[in-house]
Engineer: 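I'd like to ask some things about the structure below.
By convention here, the first residue in the shown sequence is residue 1. Only heavy atoms go into these numbers, but all of them, side chains included; no hydrogens, no water, no symmetry mates.
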Amino acid sequence: MSLDRSVDDLEDQPYDTAFFASKYGLPQRLAKTMIEANGPGRRACDAAARTYLRYVALRSQRGS
């Protein structure tokens, strides 16, 4: 098994900030920050967005 990923792997293609923001319902500024912090690859950005949204949901459940 090779550790090299195909260049055509869509999960590693860079995200456009506007598309990423709309996909997860994030403000543009937050989406841009997530992309800058995690690199432009979709896999890392998707994971960051899902984690952030879970955190927000937990905070709202706890009333904080």
Side-chain angles (χ1 to χ4, degrees):
M1 182 171 108
S2 174
L3 295 178
D4 295 328
R5 292 205 177 268
S6 168
V7 175
D8 296 329
D9 187 353
L10 292 178
E11 290 183 2
D12 283 336
Q13 295 298 314
Y15 260 128
D16 171 66
T17 303
F19 177 76
F20 180 63
S22 68
K23 180 177 179 179
Y24 288 101
L26 303 171
Q28 289 273 338
R29 188 172 178 187
L30 177 58
K32 182 178 180 196
T33 300
M34 283 186 174
I35 291 170
E36 289 173 354
N38 294 287
R42 293 178 182 226
R43 185 175 289 118
C45 291
D46 286 341
R50 286 189 300 267
T51 300
Y52 171 77
L53 293 172
R54 280 194 303 263
Y55 168 77
V56 170
L58 285 172
R59 284 208 45 163
S60 68
Q61 286 176 356
R62 293 183 181 174
S64 298

Engineer: Going through the checks in order, is the side-chain contact (heavy atoms from CB on, under 4.5 Å) test met by Y15 and M34?
Structural biologist: CA-CA 11 Å; Y15 260 128; M34 283 186 174; over 6 Å; no
Engineer: Do you know which two heavy atoms are closest between Q13 and R42, and how far apart they sit?
Structural biologist: O-CG, 3.0 Å
Engineer: Looking at CZ of F19 and NZ of K23, how far apart are the two atoms once the value is rounded to the nearest 0.5 Å?
Structural biologist: 5.5 Å
Engineer: Of all heavy-atom pairs between N38 and A44, which one has the smallest distance, and what is that distance?
Structural biologist: O-CB, 3.6 Å
Engineer: Return the minimal non-hydrogen interatomic distance between F20 and A49, and the atom names on each side.
Structural biologist: CZ-CB, 3.8 Å
Engineer: Running the 4.5 Å side-chain criterion over Ile, Leu, Val, Met, Phe, Trp and Tyr, what cluster does L58 land in, apart from itself?
Structural biologist: none
Engineer: When rounded to the nearest 0.5 angstrom, what distance separates OG1 in T17 from CD in E36?
Structural biologist: 7.5 Å
Engineer: Please check if the number of heavy atoms outside K32 that lie under 6.0 Å from its NZ is greater than 12.
Structural biologist: no
Engineer: Please name all residues satisfying side-chain hydrogen bond (donor to acceptor under 3.5 Å, both in side chains) with Y24, sequence neighbours left out, ordered by chain then number.
Structural biologist: D46
Engineer: Which atoms form the tightest heavy-atom contact between A31 and A21, and what is the distance?
Structural biologist: CB-CB, 3.6 Å
